[in-house]
Amino acid sequence: MEISFLNELNNNQRQAVEYTDGASLVIAGAGSGKTRVLTYKIAYLLKTGMQPSSILALTFTNKAAREMKERIASMVGEKTARYLWMGTFHSIFSRILRSEAELIGYSKNFTIYDSADSKSLVKSIVKELKLDDKVYKHGFVQSRISYAKNNLITPDAYLANTEILKADVSSRIPLLKDIYKIYAHRCKQADAMDFDDLLLQTNVLFRNHPEILQKYQHRFGFVLVDEYQDTNFAQYLIVKKLAEQHEKICVVGDDAQSIYSFRGANIDNILTFKNAYKNAQIFKLEQNYRSTQTIVNAANSLIDKNSQQIRKTVFSEKETGKPIKILNVFTDYEEGFIVANNISDLHSVNDYQYQDIAILYRTNSQSRVMEEALRKQSIPYRIYGGLSFYQRKEIKDVIAYCRLVCNPNDEEALKRIINYPTRGIGETTINKLIECAQLHAVSAWEVLTDILKYNLAVNAGTANKLAQFRSMIDVFAEQINIQSAYDLAKSIIKTSGVISDTYTDRSPESMSRQENVEELLKAIHEFCETEKTDGEPTALLPDFLSEVSLLTDQDTDKETNKDKVTLMTVHAAKGLEFKVVFIVGMEEELFPSPFCTQSERELEEERRLFYVAITRAEELCFISYAKSRFKNGKTNFSNPSRFIKDIDPQYLELPVEIIPKQKNIGDWDEDMEFERNRFKSSFSKPILKENILPQTPKRLVKLSNSDNNKVPIENSSVPSGSFVKHAVFGIGKVLETSIVNGNEKADIDFGEKGVKSLLLKFAKLEILK
DNA sequence: GTAAGAAAAATTTTT
DNA sequence: TTTTTCTTAC
């Protein structure tokens, strides 16, 4: 069959698309057209007669699913595309779980606990068990529970696993097993699933109900998985089971971009795909269509330092391009200033649009300084991540009301709003209530329905307040199937008193809270409208909740078309591309994150993360690091990230080390303060001109041996092997000296402070005997 | 039981 | 710096 769009693919891509006889793995290097292969493959399946409703395509983010769906729609028509089963693991399987919920002891309207809910539940369990929350830290407990669930270890399996129990004992957290057990029990009692449950319970469903598994095996004639390197065991098994009969499965991924192991992702899933699917075909996509040769080569030289990987040769046939420019600055404020300056120039001189530019960082907290700098130069920007719309307090409060109305057993929602706005139900009462509920093995709400029966020890006044609260929720609950989601939400906000609490004053904070609540109502209204066109009479509140709980703020983004600089974490940038990328904060203790330097495995993941960052860039890439950074209320000194040294220097444009005039070490702090204040208060026009744009290397210090400007010297004033003292870096050993563009330069190992390349005319060195 | 103010703690990545 | 927890006075 001749299908014209196949001609738009290269040979390897086309083979991957056309192979539909059995299982296949597509190893897709960065920028090699991975999404293209997936979309074309789905279009191909449709063109060759497959029904859209029998194709299951699993992605990592809602956004990826939506974009792919749009692209397929443009190829085969919206009418066909809309019936595809396409979405994230979590959204697809929450949908399936809802329709089968009763089989595994949940109701159709089960709540989805987000991580804040999980956190709060973990905290209260630790408190109830009277454990030390410094030993059983909520974050740690949460990640252990999550780890167990991702590996399909149920609480009972956990109790039965001597190995895990022993490990917990030796880590001095022997009671983790109890916390997990209670946690799972409380979720069940609240008719709630956390994110991990959506995958775990799907597995439980398939295991305990073979007929259901069969139904879906039959339904899905072809299964496709994007970003396969980021799947965990629970996801692996779901996919494996669904594809068991026909092995019509295609997974796409890049082991070099596996960056989610902290969330249970297991890189072995992709590395050992052949073991799971014996007759699997493997296709490799190695031509990068995104980036210049320099960027591709630099990224290759970096990832080459990892031992765990599927070797591949990613190459680019685009132009050579400019070297990656390294920017070094004194402070985080200066970093923001320099980056903003560069962006400003790229925009006005080089005709880049703001939307072509991204600033990527390791942690969300780094966005603030960048934001400030961009604002000062009136550069429009857009931040992804951080506090998303649905995580704001006022929104969570409203949603909690909605959740409780739809599912009164939802304990976390109840705790959140039982005394918001304040109605005289304090901490003691809430604790009594929950304790009492546990005693009788019922939900907290159940106790509220009959306070006398459960012997809740409260005085008459409190009992009255509780009854009032209960009847208010009851009244709303009666409306669930009568009023539309919008009408009900509106009356909830009004009657509950949330609105009067929000509208008390005219402070900017209060105004913004009001706006957010309005915004939420608008979103619910919109939801009702779109559902209407789908033929349903009215969209109900539970329908909205099931949609909303899996949304992130990238999904609520409405102004994608605006010309703005993008700010996001490297994690969030996966799958995206920009003409110009700034990777900021490339420092030790930040990138790699200090939490990830314990094992080689973790370190390799951080390196992959850096690889992801670099390969987002199409034309220009900048990497910056600061000598000092404001962190947790303190200024910390930092060294350049070890990863910068992992890149072959021939692809880099390195800065001249900027060393202040000879000073005592004590003066350094003053100097820092000076720099900080200068950049904080008034942004005068650029001071460090050489930080502006990658130009043909002129006045640059090159670390590379291939540098032909470099002439080794015999009789240097600081011979190799001798020891010198530097005002800032302290004592170091001279490794090599040379003449670079007429200036005498020395590479000196300062131990902890790292190896520095210093020009002798700038660096006042004291030679030690 | 509430609210304000002080002290202490915690800082990664996210469906 | 921001967020959470503890203290104290009503």
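In what follows, chains are A, B, ... by sequence order, proteins preceding strands, each numbered from 1. Worth knowing before you read on, the calculation uses all heavy atoms, side chains too, and leaves out hydrogens, waters and symmetry mates. Keep in mind that what you see is a predicted model, and the values were worked out from it rather than measured.
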Residue mapping more 5' on DNA chain B - nearest nucleotide basis, Arg263(A) or Asn419(A):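 Counting from the 5' end, the first nearest nucleotide belongs to Asn419(A).
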Going 5' to 3' along nucleotides 3-12 of chain B, which nucleotides have protein heavy atoms under 4.0 Å from the base (write B), which only from the sugar-phosphate (write S), and which from neither (write -)? S-------BB
Length of the line joining [X]:[atom1] and [N]:[atom2], which is rounded to integer Å:
X: Phe60(A); N: dT15(B); atom1: CZ; atom2: C1'; answer: 7 Å
X: Ile238(A); N: dT15(B); atom1: CD1; atom2: P; answer: 17 Å
X: Leu360(A); N: dT13(B); atom1: CG; atom2: C1'; answer: 13 Å
X: Tyr390(A); N: dT15(B); atom1: OH; atom2: P; answer: 14 Å
X: Met568(A); N: dT14(B); atom1: CE; atom2: P; answer: 10 Å
X: Lys127(A); N: dC6(C); atom1: NZ; atom2: P; answer: 6 Å
X: Gln391(A); N: dT3(C); atom1: CD; atom2: P; answer: 12 Å
X: Asp197(A); N: dT15(B); atom1: CG; atom2: P; answer: 18 Å

Describe the nucleic acid contact of [X] in one word from base, sugar-phosphate, nothing, applying a heavy-atom distance below 4.0 Å.
X: Ile425(A); value: sugar-phosphate
X: Thr429(A); value: sugar-phosphate
X: Lys123(A); value: sugar-phosphate

Is there a donor-acceptor contact under 3.5 Å linking the side chains of Asn639(A) and Glu588(A)?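 Asn639(A) vs Glu588(A): no donor-acceptor pair found between side chains.
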Any Ser641(A) side-chain heavy atom under 4.5 Å of Tyr625(A) side chain: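 A side-chain contact under 4.5 Å is absent here.
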Please answer whether the main-chain N or O of Ala256(A) pairs with a side-chain N or O of Arg608(A) as donor and acceptor at a distance below 3.5 Å.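 Checked: no pair found.
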Under a 3.5 Å distance rule, please check whether Asn407(A) uses its side chain to pair with a backbone N or O of Arg403(A) as donor and acceptor.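 No, Asn407(A) side chain to Arg403(A) backbone: no donor-acceptor pair under 3.5 Å.
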Is the shortest side-chain N/O distance from Thr569(A) to OP1 or OP2 of dT14(B) below 4.0 Å?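 Answer yes for this pair, as a side-chain N or O of Thr569(A) is under 4.0 Å from OP1 or OP2.
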Would you tell me if any nitrogen or oxygen in the side chain of Arg368(A) comes within less than 4.0 Å of OP1 or OP2 on dT2(C)?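 So the side chain of Arg368(A) is within the cut-off, an N or O lying under 4.0 Å from OP1 or OP2 of dT2(C).
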With P as the reference atom in both, quote the distance from dT13(B) to dT4(C) in angstrom, rounded to an integer.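 Going atom to atom, P in each nucleotide, I get 15 Å.
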Could you tell me whether Arg629(A) and Glu589(A) have a side-chain N and a carboxylate O separated by less than 4.0 Å?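 The answer is no: the pair does not qualify as a salt bridge.
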I'd like to know if Lys393(A) pairs up with Asp397(A) as an ion pair, taking the criterion as any Lys NZ or Arg NE/NH1/NH2 lying under 4.0 Å from an Asp or Glu carboxylate oxygen.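 Looking at Asp397(A) together with Lys393(A), the answer is yes, because their closest N to O distance falls below 4.0 Å.
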Could you provide the dot-bracket string of DNA chain B, using ( ) for intrastrand pairs, [ ] for crossing pairs and | for bases paired to another strand, with Watson-Crick or G-U pairs below 3.5 Å? ||||||||||.....
Would you say CZ of Arg368(A) has more than 12 non-hydrogen atoms from neighbouring residues, nucleotides or ligands within 6.0 angstrom?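 Open: at most 12 neighbouring heavy atoms sit under 6.0 Å from CZ of Arg368(A).
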Is [X] positioned over the aromatic face of [Y], cation under 6.0 angstrom from the ring centre and no more than 45 degrees off axis?
X: Lys396(A); Y: Tyr390(A); answer: no
X: Lys627(A); Y: Phe330(A); answer: yes
X: Arg98(A); Y: Phe110(A); answer: yes

